[in-house]
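One structure below.
All values below come from the heavy atoms of this structure, side chains included, with hydrogens, waters and symmetry mates left out. Numbers restart at 1 for each chain; the letters A, B, ... are given by sequence-line order, proteins then strands.
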Amino acid sequence: MKPFALFKKDYHSELRTRYAINSLAMFIIVALSVILFSIGNEKVPQNLTGGLLWVVIFFSAMSGLSRAFVSEEDRGTTLLLQLIAKPSTIFNGKLLFNLILVFLMNIVITLLYSALFEEFIIRNIILFLSTFFLANIGLAVASTIIAAIISKAGAKGTLYPVLSFPILLPLILISVMLTSYSMLGTSFDQALVEIMVLVCYDIIMLTASYMLFDFIWKD
Amino acid sequence: MNNYHLAAEQITKKFGRRLIFSDLNFQFQKNGIYGITGINGSGKSTLIKIIAGIISPSSGKVIHQFKNEIIDSTNLHNNIGFVAPYLIMYEEFSAWENLKHISKIRGIKFNTELFNSLMDDFLLLDRKDDLIKTYSSGMKQRFKFIFALMHTPKILLLDEPTSNLDDAGKESVYKIIKREGQDKIVIIASNEKSDLDLCNTKLELQDFKL
């Protein structure tokens, strides 16, 4: 329940300060508009639309998900958090906030994307939903631990995408591949290896994050 | 009797190559008010943070014991009350909202009676529903005492407790420090003479620099 209490605090704080939501919403609108304008009346190959979806998701995540820890550091409230909760409570609470934010953000992006790009047709819904679910978990876990690492640094804005890129690259590559499969109508069984890679990525990121967070958080 | 025992064994702290203090040993066993003093940069705040478990010493260790059982560093937060000028509360919440959220995150029940009584003691009761960002710096400092006392901690760590306070604020703080010092260990890090006058024992930090 303690992580949920921290999530509720962050949720109420977000409603008052609009620290992450505004920048995320603006970024999603701007990114989709830029893609639409740059394409114009050109016909986009179907497999490219799947890739573009993950480009929008990756950069939107870069603009909003670091806020979980960076906002505490910017406001100077990190010390307060250290005084009221265990590191594991803090990580779980922040992860819960990022998970919900990632899912909401990516649902909005995907709905807008499918409305705006008529070439984006999913033929295997189950495969796409599994990819979407597992990739969002990986994205939230990786973003949370990277945010904790960079929150203590001076140049947070530039460090976050730089550090995220190599860590999120395997996740993005597999997600692009699986999205392409689900657009082609590949069966779930044929994509099982790639799905298992996503499951492994999530487990590894989650385990590494729990092992690392105590060290990152203390000094 | 509080049954709390705080011991520091051979504590050394360095930031990079800069030595702050070395081989610091002390034991605080009896209830009372203890002072940590020293010139600017001698490491008073650093020592308070090490005692609170917020930062680690470069070598040595701090042991917190309650009823002869060592308190694990991950559970230290619910045993400590901490006040410092660099402690910042959530400014977008009111006093009541701040402490309600904090109690839930700590996993303890929010005690409305204690909250109202502390807000009254620190002359803030009529401002309990106002956002913290509308408080003056002295009011924010007094509110930090309420934050530090709301979970009835076993030890109080006060770093420059009277900074930003006017005479009335100082009086209310001193009254509470004296009251708390009767049934728990209170540690004050300060250079203010009036703060240190409250202390039964003082630790001079410049004595621990090589």
- Message: With a 4.5 Å cut-off on side-chain heavy atoms, are Ile167(A) and Ile145(A) touching?
- Response: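 No, their side chains stay 4.5 Å or more apart.
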Heavy-atom proximity to chain A below 4.5 Å, by part of [X]:
| X | value |
| --- | --- |
| Leu131(B) | side chain |
| Phe147(B) | side chain |
| Glu97(B) | side chain |

- Max heavy-atom pair count under 4.5 Å with chain B, selected residue of Leu80(A), Thr78(A), Leu6(A), Ile84(A):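 It is Ile84(A).
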- Note on the structure: Max heavy-atom pairs within cutoff under 4.5 Å with chain B, candidates Gly76(A), Pro3(A), Ala85(A), goes to Ala85(A)
- Backbone of Thr49(A) reached by a side-chain donor or acceptor of Tyr113(A) within 3.5 Å: yes
- Item | Contact origin within Thr17(A) toward chain B - heavy atom pairs under 4.5 Å | side chain
- Item | Side chain, backbone, both or neither of Arg75(A) within contact of chain B (heavy atoms, under 4.5 Å) | both
- Query: Between Phe93(B) and His101(B), does the ring centroid distance fall short of 6.0 Å?
  - Reply: yes
- Query: Going through the distances and angles, do Asn25(B) and Glu9(B) end up as a side chain to side chain donor-acceptor pair (under 3.5 Å)?
  - Reply: CA-CA 5 Å; Asn25(B) 290 291; Glu9(B) 292 177 2; over 6 Å; no
- Task: Taking all heavy atoms of Ile88(B) and all of Thr77(A), pick out the closest pair and write down the distance.
- Result: O-CG2, 3.5 Å
- Find the one option among Leu87(B), Ile105(B), Ile80(B) whose heavy-atom pairs under 4.5 Å with chain A are most numerous. Ile105(B)
- Let me know which of His64(B), Gln27(B), Lys67(B) forms a side-chain hydrogen bond (donor to acceptor under 3.5 Å, both in side chains) with His5(B). Gln27(B)
